[in-house]
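The basis for the numbers below is simple: all heavy atoms, side chains too, and nothing from hydrogens, waters or symmetry mates.
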Amino acid sequence: MRRFAGPVAVLTGALVLTGCGSDDAKAQLSVGSAYMPQPVSDMAAGFLDIANKGGAKDELTSVTSDVGPVSVHETVGQAMEEVKSLDVPAHGQLVFKSGGNHLMFDKLKHTLKQGDNVTVKLHFAKSGPLTVEMPVKSATYNPTTGH
């Protein structure tokens, strides 16, 4: 009977490790701290955090909204440029903040005022889309999260 104890223990350990690794091998995305400062024209910026508690990275590939076209921008130094995608690192987060990465809403279909909500859908390379309600805050809103 002792002859089988070693191989059985190794096999059991492998099954346990396989079970633990399978959940961690995926991105586990959530969104927080979403807001839009009240726009003063037909353009607006949007800010949020995308957290990934999973063990695999993902990429934000596009954003859509019923209020108008949305593009993803990153800021390097003083230059802002549109990008095709941004990484959401494993066990990390992608932060959109004033002076950094942000969403750019162009040609808003209607005037947005403080208290309104804007629905955006975030699209990813691997994960399913996430729908987010982005509240419109005052133009001078300064969140406690620092962005």
Quiz item: Is it the case that one hydrophobic cluster holds both I50 and V83, taking links as side-chain heavy atoms less than 4.5 Å apart, direct or via other members?
Solution: yes

Using a 3.5 Å cut-off and no angle test, enumerate the donor-acceptor pairs between side-chain atoms of residues 111-125 and protein atoms at least two apart in sequence or in another chain.
{"from": "D116", "atom 1": "OD2", "to": "K113", "atom 2": "N", "distance (Å)": "2.8"}
{"from": "T119", "atom 1": "OG1", "to": "E133", "atom 2": "OE1", "distance (Å)": "3.3"}
{"from": "T119", "atom 1": "OG1", "to": "E133", "atom 2": "OE2", "distance (Å)": "2.6"}
{"from": "H123", "atom 1": "NE2", "to": "T64", "atom 2": "OG1", "distance (Å)": "3.0"}

Partners meeting side chain to side chain donor-acceptor pair (under 3.5 Å) with [X] (sequence neighbours left out):
X: S65; result: none
X: K57; result: D87
X: E59; result: S85

Exercise. Check step by step if side-chain contact (heavy atoms from CB on, under 4.5 Å) holds for K84 and V72.
Key: CA-CA 7 Å; K84 298 271 186 218; V72 178; over 6 Å; no

Exercise. Assert yes or no for the condition that the ring centre distance of F96 to F47 is strictly below 6.0 Å.
Key: no

Heavy-atom closest contact ([X] atom, [Y] atom, distance):
X: A34; Y: P135; result: O-CD, 3.2 Å
X: M36; Y: A44; result: SD-CB, 3.8 Å
X: A27; Y: S127; result: CB-OG, 3.8 Å
X: P89; Y: L94; result: CD-N, 4.5 Å
X: T75; Y: G100; result: OG1-O, 3.1 Å
X: D58; Y: K126; result: OD1-N, 2.9 Å

Please report the interatomic distance [atom1]([X]) to [atom2]([Y]), rounded to the nearest 0.5 Å.
X: D49; Y: S33; atom1: CG; atom2: OG; answer: 4.5 Å
X: Y35; Y: S138; atom1: OH; atom2: OG; answer: 9.5 Å
X: L29; Y: K53; atom1: CG; atom2: NZ; answer: 11.5 Å

Quiz item: Short question: side chain of N52, backbone of Q28 - any donor-acceptor pair under 3.5 Å?
Solution: yes

Self-check item: Which residues share a side-chain contact (heavy atoms from CB on, under 4.5 Å) with M104, sequence neighbours left out
Solution: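 With neighbours one apart ignored, the set is M43, S71, H73, H102, D106.
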
Quiz prompt | Pairs involving residues 75-95, ordered by first then second residue, that meet ring pair (Phe, Tyr, Trp, His ring centres under 6.0 Å) (sequence neighbours left out) | solution = none

